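Here the structure comes first, spelled out in structure tokens, and everything after it is commentary.
Side chains included, hydrogens not; waters and symmetry mates left out as well; all remaining heavy atoms used. All figures in this text were calculated on a predicted structure; none of them were measured in a lab.
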Amino acid sequence: IVAPYGDPQFETCYPGDEGDYGMGIYSMSSAVENDVPANAQFLTSTMHDHHGRPIVVLKAIAVYERDGGILWRHANLSRRARQLVVSGHSTIDNYDYQFNWIFSQDGAIEGEVVLSGIMNVNPTRRQRDTAHVAGHSVAGHLVRPGVNAPNPQHFFSYRLDLDNDGTANTVYEVDTEAPARGSANPKGETFTMTERPLASEQKAIRDVCFAANRNWGGANTRTTNSLGQFTGYTLIPSTATPAFSLPNSEPRRSAGFTDHQLWATPHAPDEGYAGGEFQNLGRDWDGLSAYTKA
């Protein structure tokens with residue numbers, strides 16, 4: 001995680017919550033009332049303090065079922081869905097994060113981050129906003145007289161190890177597009193989904209493209225299903241935003257993984273951290289930026 005702040009009146013700040021503090025051991029957060037439904041079951045977790053001594057955290061993980069909306073419907077037939085949620089919490093200074101893994105009956109797996117806590121603020125001379133646009137600071141929000149909440153971004157990096165039916169996996173990019181009018185699209189009505197393999201680490205540094213409904217597939221190229229298709233999963237992006245800090249700024253150098261939304265690399269045991277193994281040392285262009293140079 002990295003959270004750069006974009007207000008010039010605010011001190012330069014881009015905390016890397018996991019790399020700087022450790023999201024598990026920093027707060028030893030347990031679930032509390034109202035974090036999860038009443039039917040949740042809780043699991044303990046053994047962590048360590050900053051001296052390496054083991055510490056048992058009660059209610060570190062919550063597991064529960066919840067209603068998942070309509071699973072399937074047609075005409076007068078309908079099926080209701082249930083979802084299994086595995087949830088954990090972490091408090092880093094003024095921010096509280098809830099991380100949910102959501103498992104659905106149709107095979108979908110969803111990663112969800114819920115952000116809460118207390119705003120990080122700084123003083124301002126402004127006592128009120130006199131106009132919605134003209135009186136509004138472009139780099140922050142007035143949240144009470146004399147108190148400004150600077151604009152931040154929160155970037156979360158997930159490492160997914162997709163061993164679909166074994167390790168002979170290939171990553172594909174899938175774009176939807178309309179061919180140029182001609183023999184492939186005589187009426188202008190045709191649109192197609194095109195898969196192409198990402199053949200190297202450099203070619204597998206990719207960005208979300210909503211205009212092409214872009215998604216990515218991780219598939220085993222040696223095993224097929226009953227239709228002859230490779231077995232695998234599809235990675236479907238939901239909300240996404242670019243990093244607004246300028247290229248080569250301190251936040252971008254410290255967390256180069258924010259330059260792009262997808263990085264695909266072969267498994268390597270010493271390349272486990274998107275921002276580098278020692279992000280708290282403030283090294284520039286570590287992690288994925290360095291791993292993918294090969």
Side-chain angles (χ1 to χ4, degrees), residues 1-4 15-19 21-24 26-27 29 31 35-37 40-43 45 47 59-69 71 81-92 95-117 152-164 169 171-174 198 204-210 213-219 231-243 255-265 267 271-275 279 287-288 291:
I1 297 179
V2 64
D17 294 338
E18 167 69 6
Y21 312 109
M23 298 198 66
Y26 187 78
S27 60
S29 296
D35 282 341
V36 293
Q41 299 293 309
F42 297 100
L43 304 174
S45 177
M47 302 182 188
K59 295 186 176 182
I61 300 169
V63 183
Y64 59 92
E65 284 191 4
R66 71 181 185 188
D67 181 84
L71 178 65
R82 301 290 293 171
Q83 293 176 327
L84 180 69
V85 182
V86 180
S87 178
H89 300 79
S90 184
T91 299
I92 304 292
Y95 287 120
D96 288 74
Y97 303 106
Q98 181 185 49
F99 297 95
N100 295 328
W101 285 106
I102 304 167
F103 301 88
S104 298
Q105 290 170 300
D106 59 1
I109 302 172
E110 181 181 359
E112 179 186 54
V113 181
V114 180
L115 176 63
S116 189
Q153 287 188 286
H154 293 251
F155 292 95
F156 300 85
S157 172
Y158 281 81
R159 183 182 66 227
L160 304 177
D161 186 5
L162 299 178
D163 287 344
N164 296 300
N169 280 216
V171 179
Y172 290 84
E173 184 169 88
V174 183
L198 302 178
I205 301 173
R206 307 300 297 160
D207 292 305
V208 166
C209 179
F210 291 111
N213 192 36
R214 178 169 295 164
N215 58 75
W216 296 280
T231 56
Y233 272 94
T234 298
L235 179 63
I236 302 176
S238 53
T239 55
T241 183
F257 66 87
T258 61
D259 284 354
H260 303 278
Q261 277 94 47
L262 179 84
W263 306 68
T265 66
H267 175 74
E271 296 181 357
Y273 299 94
Q279 187 198 22
L288 284 168
Y291 302 156

So which atom in A40 and which in Y64 form the shortest heavy-atom distance, rounded to 0.1 Å? CA-CB, 3.7 Å

Nearest heavy-atom contact between Q98 and D35 is NE2-O, 3.4 Å

Can you tell me how far apart [atom1] ([X]) and [atom2] ([Y]) are? Round to the nearest 0.5 Å.
{"X": "S157", "Y": "Q261", "atom1": "OG", "atom2": "CD", "result": "12.0 Å"}
{"X": "W101", "Y": "E112", "atom1": "CH2", "atom2": "CD", "result": "11.5 Å"}
{"X": "E271", "Y": "W263", "atom1": "CD", "atom2": "CH2", "result": "12.0 Å"}
{"X": "L198", "Y": "L262", "atom1": "CG", "atom2": "CG", "result": "7.5 Å"}
{"X": "L235", "Y": "L162", "atom1": "CG", "atom2": "CG", "result": "8.0 Å"}
{"X": "Q83", "Y": "L71", "atom1": "CD", "atom2": "CG", "result": "9.5 Å"}

Taking side chain as C-beta onward, heavy atoms only, is [X] less than 4.5 Å from [Y]?
{"X": "E65", "Y": "V85", "answer": "no"}
{"X": "L115", "Y": "Y95", "answer": "yes"}
{"X": "V63", "Y": "F42", "answer": "no"}
{"X": "W216", "Y": "I236", "answer": "no"}
{"X": "V2", "Y": "T258", "answer": "yes"}

Less than 3.5 Å apart, any donor N or O on the side chain of S104 or E110 sitting next to an acceptor on the other? no

Within the 3.5 Å criterion, strictly below it, is a donor on S116 or D96 matched to an acceptor on the partner's side chain? no

Got a sec: does the [atom1] of [X] have more than 12 other heavy atoms crowding it under 6.0 Å?
{"X": "Q41", "atom1": "CD", "value": "no"}
{"X": "R66", "atom1": "CZ", "value": "yes"}
{"X": "F103", "atom1": "CZ", "value": "yes"}

Donor-acceptor pair, distance only, cut-off 3.5 Å: does the side chain of [X] make one with the backbone of [Y]?
{"X": "N100", "Y": "I102", "result": "no"}
{"X": "R82", "Y": "G68", "result": "no"}
{"X": "N169", "Y": "N164", "result": "yes"}
{"X": "Q153", "Y": "T241", "result": "no"}

Is the centre of the Y97 ring less than 6.0 Å from the centre of the F156 ring? yes

Output field: ring centroids H89/F99 closer than 6.0 Å: no

